[in-house]
Each structure stands twice: as structure tokens, then as C-alpha cells.
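The figures that follow rest on heavy atoms only: side chains count, while hydrogens, waters and symmetry mates do not.
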Amino acid sequence: MTLQLHNTLTKKTEVFAPKSDNTVKLYTCGPTVYDYLHVGNWSAYIYWDTLVRTLIANDFSVDRVMNITDVGHLVSDADDGEDKLEKGARREGKTAWDVATFYGNDFITGMKRLNLIAPEHITKATEYIPQQLDLVRKLKEKGFTYQIDDGIYFDTAKFPTYADFAGLDLDAQQAGARVALNEQKRHAADFALWKFTPAGEKRDMEWETPAELVEDGRWKMEDGERRANSHLPDSNSQPMGFPGWHLECSAMAMSILGNTLDIHTGGIDHIPVHHTNEIAQSEAASGVTFSNYWLHNNHLKVEGTKISKSLSNGYTLDTLEKRGYSPLDYRLFVLQSHYRSESNFTFENLTGAKNRRHNWRNIAALRHQTHDTLTDDSQKEISLRAAPQALLEALNDDLNTPRALTIIDQAFAEFDGVSITDIHQSGLGQLLEQIDKLLGLALIESTPDITDGQKQLVVQRQRAREDKNWTESDRIRDELAKNGITIRDTVHGPIWEYI
RNA sequence: GGCGCGUUGACGGAACGGUUACGUAGAGGUCUGCAAAACCUUGUAAAUGGGUUCGACUCCCAUACGUGCCUCCA
């Protein structure tokens with residue numbers, strides 16, 4: 001089965017093929033780094049990591065850009081539209097630059113903890129200001145922009161297919177809007193490409209607005225005074241400004257990957273605004289399709305409700321670890337749900353995933369305790385041998401991770417009650433490699449062999465048991481337990497496991 | 001107010017117009033030096049009400065509940 005993906009653009013599940021050659025140009029909307037990422041944020045990156053791994057397993061090479069939004073993303077419910085980074089800086093008594101660096105680094109570290117493959121390009125919005133200004137320039141030249149007091153806006157009416165991607169009914173939305181619109185905007189859906197720093201303010205992050213982008217006379221008043229209610233600064237200075245949030249993704253994606261991407265991924269919440277705007281500004285500038293496939297992950301709820309600051313339910317990786325869960329336990333938890341389904345996080349559910357991973361690790365440890373059997377061409381272990389391919393097929397079916405986990409359970413179930421000498425070492429090893437390759441669970445890395453000394457103890461304990469020297473055998477068992485090893489006594493002999 | 005999505009057993013969660021999903025947890029039993037594991041058995045899931053069909057968890061309609069978006073929010 002070839003790879004099929006559900007494409008938001010066509011609303012269908014389609015066979016995937018990159019536009020040209022074998023390289024997949026992939027763009028993933030990254031985080032805004034004004035705070036720690038919570039479990040909901042991470043779930044998206046786990047799903048897109050699975051996409052990358054599936055592409056690689058299908059012999060594609062992947063050229064991937066992920067942005068880090070470190071400027072321009074405005075907070076909600078604020079008519080003055082404060083920048084999240086600037087707000088975070090005030091909260092912590094730092095500059096916006098410090099805040100962005102701190103949480104940006106935490107994001108990179110978190111990716112490693114979750115065993116996520118690093119994108120080829122991780123780009124910060126602040127490092128692509130010239131490219132973003134170029135895009136504004138191009139849009140202005142083509143007549144897609146207009147300027148009002150607080151910035152340069154994209155005129156959605158000039159882009160007739162604006163509402164198509166999300167299936168929006170713009171008139172109905174405008175009629176039912178809850179918040180007063182910016183009176184100067186021509187349409188409610190118009191969005192800022194470039195915002196001017198409000199008059200009298202000094203932002204941590206701001207750049208000079210190139211003169212040719214600013215409509216003449218808008219900020220230079222004849223009498224030298226700035227216009228009433230204007231955000232523009234005094235007459236003699238060039239207006240300072242910063243990019244609108246949507247602009248960065250288009251600018252970075254196109255300047256690195258070219259005008260047309262193969263796949264663009266992001267959260268389901270981005271469909272009506274952010275991705276709609278990306279498409280509009282990108283295609284207006286380039287004249288070609290921005291991305292051939294769009295993939296969207298559904299949201300994770302926590303204890304049945306939306307993750308929100310006020311509920312303090314946005315658990316971080318650190319919170320999970322303090323409660324005794326590895327990031328990989330969380331990774332397995334996320335994979336239990338399909339990326340397009342809404343899922344629910346509870347610690348009870350996370351415990352289920354943790355126990356499942358623990359059981360899997362002990363299956364993985366069997367490879368240290370068995371050997372290739374000479375007569376391995378028996379009828380046994382049929383699904384063990386078929387499992388690596390079945391696993392890939394499950395993921396090729398629109399990243400069906402829940403089915404992939406079932407396949408693993410069924411393959412592992414063949415070891416139940418089987419003599420350890422009947423387990424085919426290389427067959428098990430190949431399956432483990434495939435699991436780690438596709439699902440990033442690090443089963444091999446997290447299951448080291450025990451030491452020679454510990455192996456000796458296992459043998460000694462077995463001898464003591466055969467001599468019915470229970471005191472000695474229990475003593476050895478306790479000693480092993482101190483090192484995190486336990487023994488299962490089976491009819492076929494002892495098997496060690498991690499506690 | 002407008003537009004959309006969802007509702008599967010204790011919990012999580014798939015597939016499928018007719019066959020045990022699977023996992024985690026629970027109960028009973030077998031086995032066992034003890035323990036653990038393993039093995040066997042077990043609970044009679046599809047929000048509610050209609051409809052289509054030989055047959056629906058699966059298709060259609062309605063209701064209830066939950067939830068998302070409509071702002072430069074995400």
C-alpha cells in the first residue's frame with residue numbers, strides 16, 4: 001500500500017506523491033515561544049514526527065522547515081493586541097529576546113526528550129525579517145495591500161478564493177462577530193502583514209519599516225505633528241514596526257523551500273485564519289499553489305476540557321516527569337489516538353500507556369536472552385515476521401497509529417507462554433528496529449542488557465532453587481531487585497525483567 | 001447569533017452493513033517453595049428517538065449533551 005494522507009485542501013484521503021523528484025518539501029507550523037509547551041502542543045509535534053518517519057520509511061527524503069515564532073503573535077481578548085512575547089517579557093522582567101531564547105531552547109530540549117527528529121531547518125521569525133519585508137513589498141506591488149493607521153494590511157477582497165480553504169462564510173461571520181472590528185479595516189477578514197509600533201512606544205523587538213512600503217504622507221504630517229489617534233511616530237523618523245504573525249510562515253517556507261510546498265502541517269485551529277491567510281498572501285505573491293497537501297491535527301483535551309491557562313491544566317513535560325512518567329510514556333499515549341481525532345488526556349490514561357510501554361520494554365529485553373533458532377522456518381511467528389511490513393502499512397493509511405499499536409501487541413502476544421528458546425532473536429530484533437524507526441519509542445535504546453555479574457546471579461539463583469535453598473535464592477532475588485531487575489520463573493526457566 | 005466537529009464497554013481507542021478489535025484496569029480459577037509472570041474464564045459496548053435494510057455501532061433524519069472556530073486570539 002502506498003502512502004495515503006488526508007488532505008484538508010481537497011477534504012479527501014489521497015495517495016501522496018511529491019511534486020518533483022523524491023524529496024518532500026515539508027513545512028510544520030512551530031510554537032510561539034513565550035512559555036513552556038504543554039501536552040497539547042507536544043501532541044502535534046509527535047504526530048508530525050510520525051509523518052516524517054513514515055515518509056522516510058517510504059524512501060522519500062525529507063526537507064523540512066519548522067518555524068519558531070518569536071515575534072508578532074498577539075494575545076487574545078485584547079483590543080490593543082499585545083504581542084505575546086512582549087507580554088511574557090513583562091511578566092518575567094526580561095526582554096522579549098530573552099524570553100524567546102529561553103523558551104525556544106526549552107522547545108529544542110523537549111524535542112530531544114520526546115525523541116523527535118530535528119527538522120532540517122528550524123527558523124526564527126526574527127531572523128527572516130528581510131524576507132518578510134520582501135513579501136510585503138511584492139504584495140504591495142501587486143496591489144494586494146492597503147495601509148491604515150496601525151499597519152499594512154492584506155486586502156482579502158482582492159483574493160477571490162480567500163474563503164475556499166476553510167469553507168468560510170465571511171458575511172455570516174462578520175454579522176456574528178463578538179468583538180468590535182477595527183473600523184479602518186476594509187473587511188473583517190483582512191489581516192496585518194506589518195504592524196507599526198504604536199506612537200510613543202518602544203518595543204523590545206522592532207525594525208525599521210522600509211520607506212517604500214509606507215504610503216507617502218501617512219506618517220509625515222505637514223505641520224510636523226502626528227495625526228490624531230495615529231500609531232505612527234513623529235514626522236522625521238521612519239516608522240518602526242514588526243511582522244504580522246501570518247507573514248513569517250509564508251516568508252520562511254517560500255524562501256527556503258520554494259513557492260510550492262508538498263506538505264504543510266499544523267493544528268486544526270489554524271485552518272480558518274492562519275492557514276487561510278498563509279495561502280492568500282503566498283499565492284497572491286507567487287501566483288502558484290502554496291502547498292499541495294495540508295495536514296491538520298486535532299486537539300488534545302485534558303480531563304475532558306480545553307487546555308487553558310486559567311485551569312492550570314496545560315501540563316508540561318516536567319510535570320509529567322515529576323509524577324513519574326517518561327516523555328516516551330507520553331509519546332506512546334499520544335500514538336494511541338489518531339491524529340485527526342480529538343483525544344483526552346488523563347493521568348489514568350497516561351498510566352495505561354506507561355504500563356503498555358513497560359510491558360513492551362520487557363518483551364524487547366527478551367532479545368538478550370534468546371538466540372536464533374536453527375529451525376526457524378517453522379510455522380511459528382508468522383505475524384512476528386509480517387509485523388514490520390504491517391506496521392508500515394498501518395501508517396501508510398493516513399498515519400493510523402492506533403492500528404500500528406494493535407499490530408505490535410498482536411505480534412508480541414505470540415511470545416506469551418512460549419519457551420524463550422523458541423523466540424527468534426533476529427525476528428524480534430527486526431520488529432523492534434522497525435517500531436523504533438517508525439514510532440520513535442526507543443525500545444532498543446531503553447532496554448540495555450544486564451551485566452555479566454547480574455547474569456551470574458540469575459544462574460546462581462536458579463542453582464539455589466534447584467537445591468531448594470530458598471534463603472539463598474530469595475537473597476539473590478532481593479539483590480537483583482536493588483538494581484531494578486526482577487525474575488520471572490517460568491516452566492522453561494528464569495527470565496529477567498525490568499521492574 | 002453564524003459555521004463546524006464529536007458522542008463505542010471501568011478508562012483509552014480502532015475497524016467494519018452481518019465474524020472475539022486491541023490496550024490498561026477489575027473479578028474468578030489453574031499453576032507455583034514464596035512472589036511475579038503466564039495460562040483459562042469473565043463482564044453481555046455503542047447518547048436518545050425514529051427511518052432505510054433480510055440485517056446497523058457502521059447509512060439517513062431529529063433530539064440531547066459535549067466541544068471547536070467566527071478578533072492580528074489559538
Side-chain angles (χ1 to χ4, degrees), chain A residues 29 32 40-41 72-84 150-151 153-154 163 166-182 185 188-195 242-247 266-274 277 298-299 301 304-308 332-333 335-338 340-360 362 394 397 400-410 412-413 415-418 465 468-471 473-474 477-478 481 486-492 494-495 497 499:
Chain A
C29 274
T32 302
N41 303 133
H73 200 164
L74 307 182
V75 298
S76 60
D77 299 322
D79 290 322
D80 56 340
E82 191 173 12
D83 188 312
K84 287 188 171 194
D150 72 346
Y153 280 71
F154 185 91
L168 301 176
D169 180 346
L170 295 175
D171 292 338
Q173 287 193 353
Q174 187 152 5
R178 297 190 311 259
V179 177
L181 303 169
N182 182 331
K185 275 164 62 168
D190 293 351
F191 55 94
L193 297 167
W194 187 260
K195 294 268 288 187
F242 58 99
W245 173 47
H246 309 293
L247 188 64
I268 193 173
D269 51 306
H270 289 320
I271 295 171
V273 178
H274 183 52
N277 290 349
N298 209 320
H299 280 199
K301 293 193 291 186
T305 55
K306 186 185 177 181
I307 298 174
S308 79
L332 182 56
F333 165 83
L335 296 177
Q336 286 180 328
S337 304
H338 190 262
R340 288 196 286 120
S341 306
E342 190 173 73
S343 56
N344 187 30
F345 176 91
T346 63
F347 280 98
E348 184 186 358
N349 299 339
L350 182 60
T351 301
K354 177 185 175 176
N355 292 344
R356 191 184 216 178
R357 192 173 79 91
H358 182 252
N359 294 340
W360 285 7
N362 280 326
D397 183 11
N400 193 331
T401 54
R403 197 164 88 213
L405 303 191
T406 296
I407 289 163
I408 294 167
D409 278 314
Q410 286 172 343
F412 284 173
F415 302 145
D416 292 345
V418 171
R465 289 185 71 235
K468 300 200 186 304
N469 185 350
W470 311 125
T471 315
S473 69
D474 287 353
R477 184 164 66 195
D478 290 345
T486 186
I487 305 286
R488 269 169 53 195
D489 293 317
T490 74
V491 288
H492 307 293
I495 295 176
E497 294 189 336
I499 292 173

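Counting any heavy atom pair closer than 4.0 Å across all strands shown, A:Asp489 reaches a base atom. Residue A:His246 is in sugar-phosphate contact alone, with no base atom involved, counting any heavy-atom pair closer than 4.0 Å across all strands shown. If you check every strand for non-hydrogen atoms under 4.0 Å, A:Ile487 touches a base. Contacts of A:Ser343 with the nucleic acid, taken as non-hydrogen atoms under 4.0 Å apart, involve only primed sugar atoms and P, OP1 or OP2. Across all strands, A:Arg403 comes closer than 4.0 Å to no nucleic acid atom at all (heavy-atom distances). Across all strands shown, A:Ser337 has heavy atoms under 4.0 Å from sugar-phosphate atoms exclusively, and none from any base.
For A:Asp474, the side-chain atoms get nearest to B:rG33 when compared with the rest of B:rG33, B:rG12, B:rC69. The side chain of A:Ser341 sits closest to B:rA14 out of B:rC69, B:rC34, B:rA14. Side-chain atoms of A:Asn349 lie closest to B:rG12 of the nucleotides B:rA25, B:rG12, B:rC34. Taking only side-chain atoms of A:Gln410, from C-beta outward, the nucleotide of B:rG66, B:rC34, B:rA21 with the closest atom is B:rA21. Listed nucleotides B:rU24, B:rA36, B:rA14 differ in distance to A:His338; the shortest reach to its side chain belongs to B:rA14. The side chain of A:Glu342 sits closest to B:rU67 out of B:rG33, B:rU67, B:rA25. For A:Trp470, the listed nucleotide lying nearest its side chain is B:rG33; candidates were B:rC69, B:rA25, B:rG33. Candidate nucleotides B:rU67, B:rG13, B:rG33 were compared by shortest atom distance to the side chain of A:Arg465, and B:rG33 ranks first. Considering only the side chain of A:Asp409, B:rG23 comes nearest among B:rG12, B:rG23, B:rA21.
If you take CG of A:Asp478 and C1' of B:rA36, they are 13 Å apart, rounded to a whole angstrom. As rounded to whole Å, 24 Å separates atom P of B:rA10 from atom CZ of A:Phe347. Distance A:Leu350 CG to B:rG13 P: 13 Å, rounded to the nearest Å. As a whole-Å value, the separation of A:Asn344 CG from B:rU7 P is 13 Å. Taking atom CG on A:Leu405 and atom C1' on B:rG13, their separation rounds to 10 Å, with Å as the unit. For the pair A:Lys354 NZ and B:rG23 C1', the computed distance is 17 Å after rounding to whole Å. For the pair A:Trp360 CH2 and B:rC22 P, the interatomic distance rounds to 15 Å; values are reported in whole Å. Atom CZ of A:Phe333 and atom P of B:rG13 are 7 Å apart (whole Å).
Taking atom P on both B:rC61 and B:rA45, the two are 28 Å apart, rounded to the nearest angstrom. To the nearest whole angstrom, the two C1' atoms, one in B:rU53 and one in B:rC69, are 37 Å apart. Rounded to whole Å, the separation between the C1' atoms of B:rG17 and B:rC3 comes to 31 Å. Rounded to whole Å, the separation between the C1' atoms of B:rG43 and B:rG9 comes to 9 Å. One P atom belongs to B:rA27, the other to B:rA64, and the distance between them is 41 Å to the nearest Å. B:rU58 and B:rG1 are spaced 30 Å apart, taking the P atom of each and rounding to whole Å. With both ends at atom P, the span from B:rU7 to B:rA47 equals 8 Å, rounded to whole Å. When the P atom is compared between B:rU8 and B:rA15, the two are found 14 Å apart, to the nearest whole Å.
With contacts defined as side-chain heavy-atom distances shorter than 4.5 Å, the pair A:Phe191/A:Leu193 qualifies. Side-chain contact between A:Trp245 and A:Val273: absent, with no pair of heavy atoms (C-beta onward) separated by less than 4.5 Å. A:Asp409 places a side-chain heavy atom less than 4.5 Å from the side chain of A:Arg356.
Across all strands shown, B:rG23 forms a Watson-Crick or G-U wobble pair with B:rC11, both key distances being under 3.5 Å. Nucleotide B:rA56 has no partner under the Watson-Crick or G-U criteria, as no pair reaches both atom distances under 3.5 Å. Partner assigned to B:rC5 is B:rG66, using Watson-Crick or G-U wobble distances below 3.5 angstrom. Shown here, B:rA35 forms no base pair; nothing in the strands shown gives a Watson-Crick or G-U wobble contact with both key distances under 3.5 Å.
Proximity of A:Asn400 to the phosphate of B:rA14: no side-chain N or O atom is located under 4.0 Å from OP1 or OP2. Note on A:Asn355: a side-chain N or O is less than 4.0 Å away from OP1 or OP2 of B:rA25.
In this structure, A:His246 and A:His274 have tilted ring planes: the angle between them lies in the 30° to 60° band.
Mapping A:Asp269 and A:Thr486 onto RNA chain B by nearest heavy atom places A:Thr486 closer to the 5' end of the strand. Nearest-nucleotide mapping onto RNA chain B: of A:Asn41 and A:Lys301, the residue sitting toward the 5' end is A:Lys301.
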>> Quick one, A:Arg477 with A:Asp474, criterion side chain to side chain contact (heavy atoms under 4.5 Å, CB included). Give me CA distance, side-chain angles, the key distance, then yes/no.
In response: CA-CA 5 Å; A:Arg477 184 164 66 195; A:Asp474 287 353; 3.4 Å; yes
> After noting the C-alpha distance and the side-chain angles of A:Asn277 and A:Phe154, does the key distance pass the side chain to side chain contact (heavy atoms under 4.5 Å, CB included) rule?
Replying inline: CA-CA 9 Å; A:Asn277 290 349; A:Phe154 185 91; over 6 Å; no
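The shortest non-hydrogen separation linking A:Pro494 to A:Asp489 is CB-OD1, 4.0 Å. Closest of all the heavy-atom pairs between A:Leu332 and A:Ala353 is CD2-O, 3.4 Å.
Looking at A:Arg477, its side chain comes within 3.5 Å of the base of B:rC34 through a donor and an acceptor atom.
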